[in-house]
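Order of listing sets the numbers, starting from 1, for every ligand and every atom in it.
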Amino acid sequence: MRAPMTPTIRLAIARSPHELATLAADAVVEALPGDRAPVLGVATGSSPSGVYVELARRQAAGEIDLRDASAFALDEYVGLPDGDPHSYRTVVREQVIEPLGLDPARVHVPDGTAADLAAECASYEQRITAAGGVDVQILGLGRNGHIAFNEPGSALDSRTREAELAPETIADNARFFDSPDQVPRRCVTQGVGTILDARRIVLVAQGEAKADALAHALEDAVSPAWPATALQQHADVIVIVDEAAASRLSPALRESARR
Ligand code: GLP
C-alpha cells in the first residue's frame, strides 16, 4: 500500500555523480551551525564517498572550515582489529579524518572489539549526547532498506546496539572483502531512533540496486520491514539520488523532485 510522502522529505534527482556530491555537500553545509563547532554524522559505504571529496575540496578552497568539527560514525563491524583495512574506523580515517583534517580525538567510531559491547553502545549514545547531538547526518541506504546496520525488523525507536547483519548485506559487502565468509556477521550500529535524533539527515543513494529500497523508503507506510521508512517521521530530511536509484519512484514523486 502506498502512503503519501510526508512534505518534510525533500528529494533531488542528480544527473551525475558530481551533481549528487555537490547537492549533498550543499545540504550538509546549509545545516552547519554558525556559532559553534559542528557535529557531523558520517556514513561509510560507496554512496557518501563523493560527498566527503566535495567537502574537502570546498575546505581546500577556503569556502568552509570543518577542522574543528566532531564526527560520529554510524556503525562498525564486530571483531575487526584496529587498523584492519575493512573496519569502518579505517574507512572513516581515510575518507573523513584525513581529507578534512579533523582531530581524531573528536571523531568517534563504535569500538567493535570492546570486551563489553553493551557498555560500548551505552557510552556511544552518551558521547553523542555530550557533544550536543548530531547537526547533520550523512546517510546511505542498503539494498534491503537498511540505514546504518539497522536491518529489516529493527525497531524504529532502537538505540546503539550490537546487531546481526542480514544475508543481503553480507552478500553486498563481500565486495570489500576477499570472500563472503570474511564479512563479519555482527556489528555495532546506531539505532534508528539514534539516527532520527540528528537535526538534519542527508540521504544519498546511487544505482539501480537501490531503486526498490528507495521507493519503499519514501512511499511505503512507515514500518520496521523497511527501516528507512522511519525517515518519513523526521522533520528535515534531504534525499539526493541519481536517476537509476529514482527509477522506481512513482511519477508523482519524480515530478516533485528538484533536478
Ligand atoms: C553498509 C553500511 C551502510 C550503508 C550501506 C550502503 O552496509 N553499513 O551504512 O548505507 O552499506 O552502502 P553503499 O553506499 O556502498 O551502497
Side-chain angles (χ1 to χ4, degrees), residues 14 17 20-21 24 28 40-54 71-80 84-92 94-96 108-112 121 124 134 136-154 158 160-177 180 182-196 198 201-218 226-231 237-242 244-247:
L20 184 138
V28 170
L40 306 174
V42 292
T44 53
S46 44
S47 306
S49 58
V51 185
Y52 304 131
V53 171
E54 174 60 14
F72 288 88
L74 284 170
D75 46 15
E76 177 61 289
Y77 293 111
V78 165
L80 296 185
D84 187 296
H86 305 106
S87 77
Y88 286 170
R89 183 174 295 277
T90 301
V91 174
V92 166
E94 290 174 353
Q95 295 198 354
V96 181
H108 306 261
V109 181
D111 180 1
C121 294
Y124 204 68
V134 170
V136 51
Q137 174 66 58
I138 299 166
L139 196 61
L141 177 67
R143 185 163 57 100
N144 61 2
H146 77 213
I147 49 175
F149 274 137
N150 292 286
E151 303 286 20
S154 298
S158 50
T160 303
R161 67 201 186 289
E162 185 183 358
E164 197 170 333
L165 269 60
E168 311 86 82
T169 302
I170 293 168
D172 284 349
N173 290 4
R175 70 190 193 278
F176 297 112
F177 294 79
Q182 289 181 7
V183 184
R185 268 38 186 175
R186 299 193 68 76
C187 61
V188 172
T189 182
Q190 286 191 30
V192 179
T194 317
I195 294 168
L196 292 182
I201 296 175
V202 179
L203 177 81
V204 285
Q206 302 180 73
E208 221 271 326
K210 303 293 171 67
D212 231 17
L214 188 74
H216 284 284
L218 301 188
W226 293 92
T229 56
L231 299 174
V237 179
I238 299 184
V239 175
I240 302 162
V241 300
D242 64 7
S247 60

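Two rings, from F176 and H86, have their centers 6.0 Å or more apart.
From the protein, the heavy atom lying nearest to atom 14 (O) of ligand 1 is S47 OG, 2.7 Å. Counting protein heavy atoms only, atom 12 (O) of ligand 1 is closest to G45 CA, 3.9 Å. Of all protein heavy atoms, the one lying nearest to atom 2 (C) of ligand 1 is Y88 OH, 3.7 Å. Nearest protein heavy-atom contact of atom 8 (N) of ligand 1 is D75 OD2, 2.8 Å. From the protein, the heavy atom lying nearest to atom 16 (O) of ligand 1 is K210 NZ, 2.5 Å.
L74 has its side chain out of reach of Y88: every pair of non-hydrogen atoms, C-beta onward, lies at least 4.5 Å apart. Residues V183 and Y77 form a side-chain contact, since some pair of their non-hydrogen atoms from C-beta on lies under 4.5 Å apart. Residues V241 and L203 fail the side-chain proximity criterion, which asks for heavy atoms closer than 4.5 Å. Side-chain contact between S158 and V192 is present, with at least one heavy-atom pair separated by less than 4.5 Å. No side-chain heavy atom of E164 sits less than 4.5 Å from a side-chain heavy atom of E151. Here the side chains of L40 and V96 are not in contact, with every heavy-atom distance at 4.5 Å or above. For the pair N150 and D75, the minimum side-chain heavy-atom distance is 4.5 Å or more. Side-chain contact check for R185 versus I170: some heavy-atom pair is nearer than 4.5 Å.
Numbered from 1 in the order shown, with element, the atoms of ligand 1 that lie under 4.0 Å from a heavy atom of H146 read 1 (C), 3 (C), 5 (C), 7 (O), 11 (O).
The residue E168 has no part lying near ligand 1, judged by heavy-atom distances below 4.0 Å. Only the backbone of L141 comes within contact range of ligand 1, with a heavy atom under 4.0 Å; no side-chain atom does. Residue-level proximity to ligand 1 for R143 is absent, since no heavy atom of it falls below 4.0 angstrom.
Residue Q206 places every heavy atom at 4.0 Å or more from ligand 1. The shortest separation from a heavy atom of E151 to ligand 1 is not under 4.0 Å, leaving the residue out of contact.
Of all the listed residues (A148, G140, S46, P48), A148 holds the heavy atom that lies closest to atom 3 (C) of ligand 1.
Polar contact with ligand 1: absent for T169 (N/O pair, distance under 3.5 Å).
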